[in-house]
Structure formats: C-alpha cells, structure tokens
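Working notes, beginning with the structure itself.
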Amino acid sequence: MTDKKNDSGDLMEKLASLCKRRGFIFQSSEIYGGIGGFWDYGPLGVELKRNIKAAWWEDVVRANDNIVGLDCSIIMNPKVWVASGHVGGFSDPMVDCKGCKARFRTDKIAYVSLTKGDNVLLDAAIEADDESEALAAAMAGANSKTRRRIEGAGGDLTSTVTFLSKMPDGETGKCPNCGGELTEPREFNLMFQTYVGALQDSSSVAYLRPETAQGIFVNYKNVMDTSRMKLPFGIAQIGKSFRNEINPRNYTFRSREFEQMEIEFFCHPDEAEKWYIHWRDTRYQWYIDHGLLSDKLHLRDHDPDELAHYARGCADVEYDFPFGQAELEGIANRTDFDLKAHQEHSGRDMTYFEDELWKDEAPKYTADKFDGDKKAARKAAEEAKSVMPYRFTPFVIEPSGGVDRATLAFLCEAYTEDEAPDENGHMQTRVVLKLHPRFAPIKIAVFPLVKKDGLPEIAHNIHAEAQASGLASFYDEKGAVGRRYRRQDEVGTPFCVTVDGQTLEDQSVTVRDRDSLAQDRVAIDEVVNYVRDRIIR
RNA sequence: GCGGGCGUAGCUCAGUGGUAGAGCGUCACGUUGCCAACGUGAAUGUCGUGGGUUCGAAUCUCAUCGCCCGCUCCA
C-alpha cells in the first residue's frame, strides 16, 4: 500500500470538500450566505472535536493531581480587560495609503524635520519604532547635498520627530513609502463588544472574552481557597473565545469564534523555568502521541525580541499546514504579570504564602527572642512573612492551545489517498482519514455481509453491545460490503466488524483494520474487547 | 482593508442572451458472500443575494455577501 500523501495546496480543498460531504464542518449560517470567520461542526465533526477535548481533559486534568478544572463565563466585568491590557493598549490605530495601498500602524510612522532657524533642512516621513531610529533613518535616507548642509550647520540644529499617533485629530501626514495621501486612522480593536442589560450606553459595554486565560486568573484565589491546592498547581479550562479578526483565513484556522484549551500553571518564581520546559515538552509530545508526525510538527522557541513584554519565555507548537507552518499551541512563561495586574486593578491580594516553610521559621520570632517585647517580635515576624521566600506572587506557565486548530491539524494529517484493490483486484484510489483511534468519531462499524440468513440480527446485537459498553458504534447493512468499508475509511473509523456465513457455524466475525486492511477472525464474545484494547491510546 | 480569481444539485464541475445539465454521491428494489463507480427506478436547484439592462438573464451590468490566492494584520 503506497501512500500518496498530498502536501500540495489542493489538500485543503479536498479536505474541506470531504468535511462538508461527510458532515464534519459546515460554514456557519450557510443558507443565508454564510458569515466570515464562523464555522459549524456537523455530526461527525462534533464527535471528533469532543474526542480531542476529552483526551486533553483526561491527560491534563484527570491524570494530574495538581491540576483542577474550571469553566468561566464568557462575558466578564469589563475591568478584567482593562487590567489585562486588552482594552486600550492593544487597539492599534492603522492608516492605509491611498496611493500605494500600504498599511501602517500610526505609532510606527514618524515625521522628522531638521531646522536651522527658519530654514527647513530636512523634512521626511519615515517608518520607525522610536525617535532615534527615525532620526537615523531620516539621515540615511537624505541625499548627499542635504547631508552636507546638515553637517555644515554644526550644532545649532533643531530636530523634531512626531509620530502620526501623536498628531492632533484630523491631521494626517504623507505616506513614508510613496509620499501619497493617508486615510484617517482607524481603530483595530479585536474584541467583540456587547451591552449587558437593556440599556445600551457606555456604562453597560462588555466584551466577549478574547482568551480564556483571564477567567482563570480572576478565579485563582477562589480555586486556591476552595480546592486546598498548593504550589505548584494548575487550573485548566476549555471554552470559546472571540476575536474580531480583520481577515479570517485558511478554513477554520483563523476564526472569529474559536475554542481554546488552556492551562495556567502557578509555580514558585524560582521553578518557573523548570515548569516552562516541562510543559513545553509535554504539550509538544502530546501532539506527536496523537498522530502528528514529528517532521511536520515543530517546537519553535521564540527569539527574545519576539516575546511579549510580559513573557520571559515562549515556544510555539507549529504544524505544517497546506497553507504553511502555523501555530497550534503556545507555551509561555507569563511571569507574575497577570496576577500582579489583577492585584493592582482589583485591590485584591493575589500573593501566595508558604505556610509550611514559615512554620519552621516562626519559632525565631517568639517574644523571648526579642527581650520579651511581644510587639517587636510580632512586627519582625510580619516583616519577615511579607516577603520572599514566604510571601510572593506566583509565576504562571501558560500552555494555550486552539481546539479548532488542533482539529484541523489532525484532519490534515489524517487525510490520505492510497490504493486498495477492488473486487477484480484492480487498484483503486481510496480516501481514508487515518485519525488516531482515540479521536475517531466512530470507533466500530458493524455490518452483516448480506441482508439475509439472520446475519443482520447478529450484527445488530454486536452493535448494541458495543454501544452499551460506551463505544461509538455504527450499523450499516446497505449495499456492497466493500462500499461500506470505504465509507467508513473516509470518516476514519478504525475497525469494521462483519458478520458472515461462518459466523453461523462458529460464532466468529471478521474485524477489518482501517489502515492495513487486514482481517482478523474474532469470537463474537470477544469482539468489543478486541476493539476496545486497540483504541485506548 | 487593498489587488486578483471564483460562486450552477450533497460533492466536483460543464453550460457566454432563448426549455437547468453531467459524473459521483443519496434513496428504493433487485443482485452481490469481504474491499466503492452491477441492473432497474427515484428524489434533489431562490444558478450566492439584491437591483439594473433586455421581449427574454445562470450568461451582460452595478452593488452586496461568502470562499480561495497574494499583500496587510495577528495583543
């Protein structure tokens, strides 16, 4: 069997077509012309996605004593987003050039002028990050005559650098690229807004969360107080998030409504690096274990200049999609940035106290150690307790994965066209989703070889037994058995069980393997266990 | 947001001003005893949506929505 793995661009089209045809993924609101950036999961898609989420939850929450789950509301007090920096800080106004169509952030366009008295020696529009870079770039861009005049002017030059973002409203400068006219600055805030309550005024504005993480941070105290968790421990959550992407693209990859699976893992600052490495490697391995080949999966450590201002380390798990290498999950060391931000904005104490460590230390602060001065002893104790190593703000390691992105990656990886013989022995192209059995929407399909001689009844019984034991099972008696196999191949069903004439004689059935096409003869009583043994991990 | 391409049956697509089509899939019956494209029959379309031109529009035109590619963006 030779695989004709499709790494070209049409894989995406074939996959999208299959997903529509077999009920994995539909465009949202399709009968009304759809809506960009929103997608629906059909009968098989929802099973696949639930299986992925369930596997994550089992492996992350249930398999770890020090991780607990959470399910937060999507709409929160808007102050949460002020504290996190999502309101205000990250809405970068942009301008477009009407001439050359380039787009710029207004805080990246600088207007540099050099004057000596009333003489303007240099007046330039430059794309730059800061003043010194703008000046340097303006000088470098000047012609030799201008440069000589500037050098000749000696020290009595006046230089001004004005960023477009700092210019008065209504004033726009020229395009740094072509000198053309720029549009009015436009806000690109990616949070969806809504109103809470009947009154739609500025006091009732709220946001659909752009990430699940903040819901965890604001519940960190609640969880710690009620679940007896001690550092290091994690809080995990799966849920919808919303970003009003400017330009959703690449099928479900960049959607405006999407689902995240996130852990916020709280630990001692001294251990943050250790846990960061742990989670980075654990999460990377999780994707490999579930079928993403390691040569298509990349663990990419961010360069220091790529890191967000609050992060001390960050790595992306990336996959080679047909449209390019793109992120499935990010693992970041967010330091104590978030807890400190919420402590500052909410006024609530977010620090952690090492009481077991303090227990050993407390005897040093009894009154007799302070010449019987109880007050002095208490004061010294309070001071000692209020700082490291007893009291501190935990660091946070955040493995944050996209459920829809993982689903898409597993689908891309699973989509295979190989060749299988037809009834005359001629090789025919076969489409098969080689999904990890744990993720397969249907685990076992049960067929009577033909629709007579009591075979359907026996097959029905096996189907019912599989269902009763919790296996997602599918019964099919229509058409030729070969066609039924192919239908199941297309949706990734790992095992097909066929009841045939021999079953009537010796109570055995054939179990056919999706990937190898091999058939095993198994006793009816054993068949459910046989399949179960082969789908667990 | 800009530029280009596309939108016709569940899927893939043909159809350039005059009766809405094909292949596959689906359904029914038959056949078939282990790997889809056997037989017979059947269902299925706001031709993305809205306006305009025309005696007449899937076809020409404008707008709009969606999808794909490139640019841009991505806390």
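Throughout, a chain's letter reflects where its sequence line sits, starting with A, and its residues are numbered from 1. Model, not experiment: these values are computed from the prediction.
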Quiz item: At under 4.0 Å between heavy atoms, what does A:Asp453 touch on the DNA or RNA strands: base, sugar-phosphate, or nothing?
Solution: base

Quiz item: Using purine N1 to pyrimidine N3 plus N6-O4 or O6-N4 for Watson-Crick, or N1-O2 and O6-N3 for G-U wobble, both under 3.5 Å, which nucleotide pairs with B:G3?
Solution: B:C69

Quiz prompt | Touch class at under 4.0 angstrom, heavy-atom based, for A:Tyr32 against every strand present | solution = nothing

Quiz prompt | Between C1' of B:C34 and CZ of A:Arg514, the distance in whole Å | solution = 19 Å

Quiz item: So what does A:Thr510 touch, heavy atoms closer than 4.0 Å: a base, only the sugar-phosphate, or nothing?
Solution: base

Exercise. Rounded to whole angstrom, note down the P distance from B:A36 over to B:G45.
Key: 32 Å

Quiz item: Does A:Leu18 or A:Gly37 map to a spot on RNA chain B nearer the 5' end, using the closest nucleotide for each?
Solution: A:Leu18

Quiz item: For A:Glu211, which contact category applies under a 4.0 Å heavy-atom criterion: base, sugar-phosphate, or nothing?
Solution: nothing

Quiz prompt | Euclidean distance for C1', B:C27 against B:U61 (whole angstrom) | solution = 42 Å

Practice problem: Could you check A:Phe495, A:Phe474, A:Tyr485 and say which one makes a ring-ring contact (aromatic ring centres under 6.0 Å, His included) with A:Phe447? | Solution: A:Tyr485

Quiz prompt | Check: A:Glu413/A:Tyr319 side-chain N/O donor and acceptor closer than 3.5 Å | solution = yes

Quiz item: Taking only N and O in the side chain of A:Arg243, is any of them less than 4.0 Å away from OP1 or OP2 of B:C73?
Solution: no

Quiz prompt | B:A14: pairing nucleotide in any strand, Watson-Crick or G-U under 3.5 angstrom | solution = none

Quiz item: With sugar-phosphate meaning primed atoms plus P, OP1 and OP2, does A:Ile31 contact a base, only sugar-phosphate, or nothing at under 4.0 Å between heavy atoms?
Solution: base

Quiz item: Between A:Asp489 and A:Asn250, who's closer to the 5' end of RNA chain B by nearest nucleotide?
Solution: A:Asp489

Self-check item: Complementary nucleotide of B:C38, counting Watson-Crick and G-U pairs under 3.5 Å
Solution: B:G30

Exercise. Return the nucleotide paired to B:G56: Watson-Crick means purine N1 to pyrimidine N3 with N6-O4 or O6-N4, wobble means G-U with N1-O2 and O6-N3, both under 3.5 Å.
Key: none

Exercise. Tell me, please, whether A:Phe192 has A:Arg256 positioned over its six-membered ring: NZ or CZ under 6.0 Å from the ring centre and within 45 degrees of its axis?
Key: no

Practice problem: Could you tell me whether the phosphate oxygens of B:A36, OP1 or OP2, come under 4.0 Å of any side-chain nitrogen or oxygen in A:Arg483? | Solution: no

Quiz prompt | Nearest-nucleotide pick for A:Arg512, side chain only, options being B:C35, B:A75, B:G70 | solution = B:C35

Quiz item: Is the distance from OP1 or OP2 of B:U26 to the nearest side-chain N or O of A:Arg487 less than 4.0 Å?
Solution: yes

Quiz prompt | From B:A28, B:G1, B:C11, nucleotide with atom closest to A:Lys478 side chain | solution = B:A28

Quiz item: Is a donor-acceptor pair below 3.5 Å formed from side chain A:Asp500 to base B:G33, judging by atom type as modelled?
Solution: no

Exercise. For B:U49 and B:G66, measure between their P atoms and round to the nearest Å.
Key: 15 Å

Exercise. State whether the distance check finds a donor on one side and an acceptor on the other, under 3.5 Å, for side chain A:Arg22 versus base B:G25.
Key: no

Self-check item: Distance-only polar pair, side chains of A:His298 and A:Asp316, donor-acceptor under 3.5 Å
Solution: no

Quiz item: Using purine N1 to pyrimidine N3 plus N6-O4 or O6-N4 for Watson-Crick, or N1-O2 and O6-N3 for G-U wobble, each under 3.5 Å, what pairs with B:U46?
Solution: none

Quiz item: Cut-off 3.5 Å, side chains only: do A:Gln467 and A:Ser473 have a donor facing an acceptor?
Solution: no

Self-check item: Same-atom distance (P) from B:A37 to B:G18, integer angstrom
Solution: 39 Å

Quiz item: Just by distance, with hydrogens left out, do A:Arg521 and A:Ser508 show a side-chain donor and acceptor under 3.5 Å apart?
Solution: yes

Quiz item: Quantified in whole Å, what is the C1' atom distance between nucleotide B:G21 and nucleotide B:U8?
Solution: 9 Å

Exercise. Go through the N and O atoms of the side chain of A:Tyr251 and the base of B:C67, and report whether any donor-acceptor pair is under 3.5 Å.
Key: no

Quiz item: Is there a donor-acceptor contact under 3.5 Å linking the side chains of A:His342 and A:Gln214?
Solution: yes

Self-check item: Whole-Å P distance, B:G50 and B:G17
Solution: 24 Å

Self-check item: Options B:G70, B:C73, B:C34, nucleotide nearest the side-chain atoms of A:Arg254
Solution: B:C73

